[in-house]
> 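Handing you this structure, nothing more for now.
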Amino acid sequence: MILSPKKGNEIEYYQVMMQLPENNDRELGNLKYLDDNYKKTVITANRMNVGSVDGIEIKHIVDWLLE
């Protein structure tokens, strides 16, 4: 699921999942193919998956909630 909440003129995309599947690019691929420059974030429950892939931030849900 991709959520794109709008706050004023800002748009951000979110993909939420338990963990990133190994050897499968489907979840990140959905965000990669969005042809705009809005912020894209994947929120996961697995701390081992955090980081950044092709400009898409991957954050642990607790860290994201505490921001």
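Here, residue 1 is the first one in the sequence, and each next residue gets the next number.
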> Show your working on side-chain contact (heavy atoms from CB on, under 4.5 Å) between His60 and Asn46 and close with a plain yes or no.
CA-CA 6 Å; His60 184 259; Asn46 185 346; 6.0 Å; no
> Testing the basics here: between Asn49 and Leu20, what is the closest heavy-atom pair and its distance to 0.1 Å?
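Of all heavy-atom pairs spanning Asn49 and Leu20, the closest is OD1-N, 3.2 Å.
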> Run the numbers on Gln15 and Ile43 for side-chain contact (heavy atoms from CB on, under 4.5 Å), then give the verdict.
CA-CA 6 Å; Gln15 177 80 11; Ile43 301 170; over 6 Å; no
> Applying the 4.5 Å side-chain criterion to the ILVMFWY set and letting contacts propagate, would Val62 and Trp64 be lumped into a single cluster?
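Linked, Val62 and Trp64 end up in one cluster.
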> Let me confirm one number: the CG-NZ distance from Asn30 to Lys40, rounded to the nearest 0.5 Å.
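Those atoms lie 12.0 Å apart.
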> Looking at every non-hydrogen atom in both residues, tell me the closest pair between Thr44 and Met18 and how far apart they are.
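Smallest heavy-atom distance, with atoms named: OG1-O, 2.8 Å.
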> Tell me if a side-chain donor or acceptor on Lys59 pairs with a main-chain N or O of Glu57 at a distance below 3.5 Å.
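Looks like no, no N/O pair under 3.5 Å.
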> Which value, rounded to the nearest 0.5 Å, describes the distance between Ile58 atom CD1 and Met17 atom CE?
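One gets 8.0 Å once the value is rounded to the nearest 0.5 Å.
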> Just checking, any donor-acceptor pair under 3.5 angstrom between side chains of Asp36 and Tyr13?
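Asp36 vs Tyr13: donor-acceptor pair found between side chains.
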> Is it possible for you to say whether Tyr14 and Leu65 belong to one hydrophobic cluster, with membership spreading through side-chain heavy-atom contacts below 4.5 Å?
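Yes, one cluster joins them.
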> Between Tyr33 and Ile56, is there shared hydrophobic-cluster membership here, with clusters defined by ILVMFWY side-chain heavy atoms closer than 4.5 Å?
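As far as the 4.5 Å side-chain criterion goes, Ile56 and Tyr33 are not connected within one cluster.
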